[in-house]
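Numbering starts at 1 and runs along the sequence shown. Counting convention: from 1, in listed order, for ligands and their atoms alike. Please read all numbers here as calculations on a predicted model, not as lab measurements.
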Amino acid sequence: MRKVITYGTFDLFHKGHYNLLKRAKALGDYLIVGVTTEHFDEARGKVNVIDPIVDRIENVRKTGFADQIIVEDHDGQKIEDIQKYGADIFTVGSDWVGTFDYLKSFCKVVYLSRTPGVSSSQLRNERFNIVSIGIVGTGRIAPRFLSEVKYVSGAIIECAYNPERESAVRFEAAHGIRTYTENYEGFLEQVDAVYIASPHETHYDYAKRAILAGKHVLCEKPLTFTKAEAEELYTLAREHHAVLMEGVKTAYCPGFLQMMNVAKSGIIGEIRDVEACFSRIADIESREMTDRIYGGAFLEYGGYPLLPIIKLLGINYKEIVIDSLPGENGIDLYTKIHLRYPQGFAMAKMGVGVKSEGQLIIAGTKGYILAKSPWWQTRKFEIRYEDPNKIDTYELRFQGDGLRYEVGDFVSKINGRGENSNYKLTPEESIAMADIVEQFLKIREGKVS
Ligand code: C2G
């Protein structure tokens, strides 16, 4: 009996998949089909699979060609499966020619020609409108955003906006993206959505005008400088049926989400303390160090350490103490925020002129979670207990610089597929952060003047 094995995602099952399976079956007597998990697809750069795995398996089953269906969830599994099931032939579509030649030392490898004119990506794009995004601000983050959006299908960068002519011209020349320097409303007319990565003090105004024009908004942190402004933006977004998301990118990363869920699962008991630190020594000439109103550690990085605190202990703290070490020009070089909750406390630390260990510790009544730097790009965390020999380690995936996850979420929400995904960073949590920004600014004003 000749056994054939093939693999695929089989998302939005189509004629190309059907033909491939039919011809794969015809290569032998027994066909094994490996269907990929969402986790595995995400790891290989497919962040936008639509059908759940049970549906994708069912669609393969319905063809009647598969004698056995298995699940593919990790790298290196193909060799394991070929050996385990004794496969004689590995086959896959011709879009993969060459990629799987390494399997030739285990079995015969056959690349079958692809069915032209049909693909899951094309169907995804037909089913959901492609979201055209305009970038507001063409500084340091914008190029990173461009390279990350490539991993999110269903989104294209249409154009950019920056009233500073020099930066706009440079960006347009480097990336070939039409960059507007005046007439923000005219720029908005070209797009469905905007990504706001301009200086902090411009976020509120750009976001508000975009929402009023019916555009979806993904805005870099901090969204606003006051609680009232954040509330106003979320209310306006609701009224205008626009998606509004604050881009605290850690909030959307799978590893971070898993760490939050493990922390809440009771494994470390009741959570009593969350300590988080983020520091990056900034260049003396940089905006962070020189802009005495909008620079400094807190406005630059506050969103990161506050995120796990608010996610785990909530927004109803009883007391907050904000303390900073100011530089000569008044910017905060180092800030510590202490929060007291009814049943616990928390400390957020951030620095641009002081370097500290960038770690996250979530302390509970039975044990604690330790995530070392860079915990905000969660790739690994440990659960530790009284017994120092007992350590549970979680290793997780984190692709690129992580922006793709928030962009993926943004696009899903715009297409109406992510209504429930607000839990990653709720408007209430985002508003609570704006409230802390407002308190920080009031305290700093009092001290500086
Ligand atoms: N296919 C095809 N014709 C098309 C589209 C897809 O023959 N028009 C084939 C692909 O080449 C693949 C199978 O159908 O052999 C499944 O395609 P996908 O669902 O896109 O899965 P893919 O990403 O190719 O996964 O471990 C997974 C494998 O590496 C392949």
Side-chain angles (χ1 to χ4, degrees), residues 2-28 30-128 130 150-155 254 397 399-400 404 408 417:
R2 276 157 73 82
K3 281 191 174 179
V4 182
I5 193 161
T6 189
Y7 296 85
T9 306
F10 303 105
D11 192 28
L12 305 175
F13 200 87
H14 57 66
K15 193 169 90 230
H17 296 141
Y18 183 90
N19 292 343
L20 186 285
L21 293 176
K22 187 175 176 187
R23 284 177 299 152
K25 171 77 182 200
L27 290 173
Y30 188 88
L31 177 65
I32 302 168
V33 181
V35 179
T36 55
T37 63
E38 270 144 66
H39 239 85
F40 184 58
D41 276 324
E42 202 179 270
R44 59 193 192 108
K46 281 193 173 182
V47 284
N48 54 340
V49 173
I50 290 169
D51 290 337
I53 186 163
V54 278
D55 295 359
R56 294 185 282 115
I57 289 175
E58 180 57 14
N59 289 333
V60 169
R61 194 194 61 76
K62 279 198 298 213
T63 64
F65 298 126
D67 297 286
Q68 190 173 356
I69 299 177
I70 58 172
V71 168
E72 184 183 26
D73 70 355
H74 58 272
D75 283 324
Q77 189 183 324
K78 291 187 177 80
I79 297 177
E80 275 168 40
D81 290 340
I82 289 166
Q83 293 176 326
K84 183 166 150 191
Y85 299 106
D88 303 290
I89 301 172
F90 166 86
T91 188
V92 70
S94 52
D95 42 329
W96 293 100
V97 168
T99 310
F100 295 111
D101 287 356
Y102 71 93
L103 296 174
K104 283 183 182 164
S105 40
F106 302 93
C107 67
K108 192 171 164 192
V109 173
V110 177
Y111 297 105
L112 292 168
S113 59
R114 257 173 88 86
T115 305
V118 58
S119 74
S120 304
S121 314
Q122 180 197 324
L123 290 174
R124 275 192 287 268
N125 291 343
E126 275 168 24
R127 184 169 319 177
F128 303 105
I130 296 190
K150 290 194 190 117
Y151 295 93
V152 181
S153 91
R397 292 198 182 91
Q399 304 268 315
R404 66 189 65 178
R417 288 188 280 125

* Asked: Among protein heavy atoms, which lies nearest atom 15 (O) of ligand 1, and at what distance?
  -> G93 N, 2.9 Å
* To do: For V92, counting its heavy atoms only, list the atoms of ligand 1 lying under 4.0 Å from any of them.
  => 15 (O)
* Heavy atom under 4.0 Å from ligand 1: found in L20's side chain, backbone, both, or neither? -> side chain
* To do: Using distance alone, determine whether R44 and ligand 1 share an N or O pair under 3.5 Å.
  => yes
* atom 3 (N) of ligand 1 - nearest protein heavy atom and its distance -> T115 N, 3.2 Å
* W96 and F100 aromatic ring geometry - parallel, tilted or perpendicular at 30°/60° bounds -> tilted
* Answer yes or no: is there a side-chain heavy-atom contact under 4.5 Å between L21 and F10? => yes
* Structure fact -> Quick note on ligand 1: atoms under 4.0 Å from a heavy atom of V118 include exactly 4 (C), 5 (C), 8 (N)
* Taking everything shown except R2 itself, do over 12 heavy atoms lie less than 6.0 Å from its CZ? -> no
* Step by step, would you call R114 with D95 a salt bridge (charged side-chain N to carboxylate O under 4.0 Å, His left out)? -> CA-CA 7 Å; R114 257 173 88 86; D95 42 329; 2.8 Å; yes
* To do: Let me see the working for D101 and K104 under salt bridge (charged side-chain N to carboxylate O under 4.0 Å, His left out), right down to the final yes or no.
  => CA-CA 5 Å; D101 287 356; K104 283 183 182 164; 3.7 Å; yes
* Asked: Is it true that K15 lies under 4.0 Å from ligand 1, counting heavy atoms only?
  -> no
* Which of the atoms in ligand 1, numbered in the order shown and given with their element, are less than 4.0 Å from a heavy-atom of F100? -> 29 (O)
* To do: Enumerate the atoms of ligand 1 whose separation from the nearest heavy atom of D95 is less than 4.0 angstrom.
  => 10 (C), 11 (O)
* Top protein contact for atom 21 (O) of ligand 1, by heavy-atom distance -> T9 N, 3.1 Å
* Under the 3.5 angstrom rule, does the side chain of D67 hit a backbone N or O of L31 as a donor-acceptor pair? -> yes
* **Validation row: E72, T37 side chains within 4.5 angstrom (heavy atoms)** => no
* Which protein heavy atom lies closest to atom 30 (C) of ligand 1, and at what distance to 0.1 Å? -> Y7 O, 3.5 Å
* Heavy-atom nearest neighbour in the protein, as seen from atom 24 (O) of ligand 1, with distance rounded to 0.1 Å -> W96 NE1, 2.7 Å
* Asked: Of the listed options (K78, Q122, H17, R114), which comes nearest to atom 14 (O) of ligand 1 when hydrogens are ignored and any heavy atom counts?
  -> H17
* Residue, atom name and distance, where the atom is the protein heavy atom closest to atom 20 (O) of ligand 1 -> K46 NZ, 3.4 Å
* **Any side-chain heavy-atom pair of V35 and T9 under 4.5 Å** => no
* Structure fact -> ligand 1 atoms nearer than 4.0 angstrom to some heavy atom of F10 are 16 (C), 19 (O)
* **R44 bridged to D75 by N-O distance under 4.0 Å** => no
* Structure fact -> E72 heavy atoms within 4.0 Å reach ligand 1 at atoms 26 (O), 27 (C)
* **Within 45° cone and under 6.0 Å: K3 NZ/CZ vs Y30 ring** => yes
